[in-house]
Amino acid sequence: MFAEFLQFLFSGITVGAIYALVGLGFAIIYNASNVINFAQGEFVMLGGMGTVFFIGLGLPMPLAVLLAVSLTVIVGFGLERFAVEPARDAPIVTLIIITIGASIFLRGAAQLVWDRNFHSVASFSGSDPIMIGGASILPQSLWILGCTVVIVIALHMFFNHSMTGKSIIATSHNPLAAKLMGINTSMVLLMSFGLSALLGASAGILIAPISLTYTGVGIMLGLKGFCAAVLGGLGKPMGAIAGGLLVGISEAMTAGYISSAYKDAVAFIIILAVLFLMPNGLFGGRGTERV
Amino acid sequence: MKSLFKKAGLTALVAVSAIGLATGSAKAEETIKIGSFLAVTGGASFLGDPEKKTLDMYVEKINSEGGVLGRKLELIVYDSGGDPKKAVPFAKRLISDDKVDILLAGSTTGATMAVIPIVEKAGIPFISFGGAGVIINPVKKWVFKTPHTDTLAVQKIYNDMKSRGISKIGLLSGSGGFDKSCRKNVLDLADGAGMGVVADETHGKGDTDMTAQITKIKNSAGVQAMLYCGFGGATSIVAKNFKQLGVDIPHYQTHGSASKSFIKNADGGAEGVRLPAAALVVVDALPDSHPQKKVASAYKKMYEAKTGSEISSFGGHAYDGLMLAVEAITRAGTTDKAAVLAELEKTNNFIGVDGIYTMSPTDHLGLDEASFVMVEVKDGDWKMLK
């Protein structure tokens, strides 16, 4: 009985951590610009497919991962510079639509450059499951959890203890005041896109050995990550993490204890309920208006 | 400015009439026109792409060998992008503008079903490459299809299970069209086959982890085997999860998993999985005495040499469709639509790559359960079971 519960928990935490990483990406860009970047899922895809591509070239795994992340970050920069920046003064809705367009473009381009097949990536350290309390967990799941923790700590340090991080936070609170204080706000936006791309690519690479990767992998993961971000309170990094884990675990528990047919429905019902009772999300503050 | 437009208009007019002349002269040669709309791009391109390549390849081959009835074949293919809504205007255009003699088309069940009313009204033989049984059941006068149905696959699986003394299964299925249709067949056929479905779990599109569902199946009372109805990458994820959980009951999947990438992407998890597959997919594992061995390996060889990519069962549907059409036209000695229809229905013991077709006015598929071979994954390859 307990073993069963543990198994569902492992399953939930693993996918939940991935949703959290994707959700973090949404949160960071939203913070810096109030834009919801719907191309976030494509960053996930680029991370996974990029790794497959570079491994296919015969490069060793660590180098391939590094190149795939760099590629995605460059695409993130490009997205900001060539798609979002030129329309900077347009209403937020326009910017969001631009990111949707960019997402379709990136997916299409990836299908042209690569292919539409599913690809597997070798697990980082073997695929023999580890038994804990009667439930099994893959070494890759531990990698996912470990990396997520490291990334979250690193982000925390970055935002609270580095000048660049602090300037991003400052910009998110009041762009005009930040600009007057000498912060290069357009640089901040660029940074935030790069950072989100980095997170997305990491999520895509971490999950690839478990879930396989293909050019459409970002659609569903992007959507779930978005749910995580909304659930936690848009723009709250810790909220996105809590939201991601909550969505992942509730999915697994529903599939395990109620019925897999209602798995997605229950996750969405939780989101609706939370937003109904706490319109600003789990971690959202009490409606502070941004001026 | 005005004269510029005039000039452009004139050029266009000349160009159009040149095209007109070109088609006019083509008509004089009396080609046999084969019309097709396929999901060459889009989400179902893994179907349409090998189908188009197969048709191109074999039309060229047949033409280089003198054509059919001494006339060359002319293939007209439109890309429906897998969208049934686009298939309809293409079908209309093929019938009324291109005036094709026969339709070999429809990568998906959706696209096929959408054009059936038009085809029936126009009265033109139509061989579909769509999967589901609903295409030919109930029988529509002008509509045929080549791929096996999932009903046949499920029957095959049930027979294998019974031979191993399995009578209680846990079912897991995805949420795509194929998955749902397969699930329905598993449930509908269970009673007749004396099988009990003790767990009925599903997973969503794009799900990355099915361990929760499989744990539930594993812990269902009395479960003796797991059957997975699904397609594409999810098949490998299920196999991986199954292995991760150390489930020790037999694991069955369907012909939706019958591709080498299933084995490769499952990272060892596919070992021991049993599934029904078209002879084409496992042609190397077939004994020489197998009736389809010759046809299937010839097609495989040609396809892989010309395209450089691995064979898929989907291209085989197009191969069979084309060959059935060519046979029927040859026997009819004309492209008269009613005569071709009558000959298609008389198809008897025609050896294709998908199976051995024997059609009749009441059976527009002509395959039975024997067109599947039961295989087990062993040492990373298919092994044929008795």
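All chains are named by letter (A, B, ...) in the order of the sequence lines, taking the proteins before the strands, and each is independently numbered beginning at 1.
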Residues in residues 210-220 of chain B near chain A [non-hydrogen atoms, under 4.5 Å]: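 Listed by number: B:Thr211, B:Ala212, B:Gln213, B:Thr215, B:Lys216, B:Asn219.
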At under 4.5 Å between heavy atoms, what parts of residues 256-275 of chain B are in contact with chain A? List them by residue number.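 When heavy atoms of chain A are the reference, residues 256-275 of chain B contributes B:Lys264, B:Asn265, B:Asp267 within the under-4.5 Å range.
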Applying side-chain hydrogen bond (donor to acceptor under 3.5 Å, both in side chains), which residue pairs with at least one partner in residues 18-29 of chain A are found, sequence neighbours left out?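 Those involving residues 18-29 of chain A are A:Tyr19-A:Glu251.
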Pairs meeting criterion side-chain hydrogen bond (donor to acceptor under 3.5 Å, both in side chains) with involvement of residues 233-244 of chain B, two or more places apart: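 For residues 233-244 of chain B, and leaving out neighbouring residues, there are no side-chain hydrogen bond (donor to acceptor under 3.5 Å, both in side chains) pairs at all.
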From [atom1] ([X]) to [atom2] ([Y]), nearest 0.5 Å:
X	Y	atom1	atom2	value
A:Ile137	B:Leu245	CD1	CG	11.5 Å
B:Asp200	A:Ser260	CG	OG	7.5 Å
A:Ser141	B:Asp209	OG	CG	7.0 Å
A:Asn117	B:Ser312	CG	OG	10.0 Å
A:Leu212	B:Ile237	CG	CD1	4.5 Å

When heavy-atom pairs shorter than 4.5 Å are enumerated against chain B, which of [options] gives the highest number?
options	answer
A:Leu138, A:Val15, A:Ile18, A:Val121	A:Leu138
A:Ser120, A:Ser123, A:Ala261	A:Ser120
A:Tyr257, A:Phe8, A:Tyr214	A:Phe8

Which region of B:Asp49, side chain (C-beta onward) or backbone (N, CA, C, O), has a non-hydrogen atom less than 4.5 Å from a non-hydrogen atom of chain A, or is it both or neither?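 The answer is neither part of B:Asp49.
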Does NZ belonging to B:Lys378 count more than 12 external heavy atoms closer than 6.0 Å?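 Not buried by this count: 12 neighbours or fewer within 6.0 Å.
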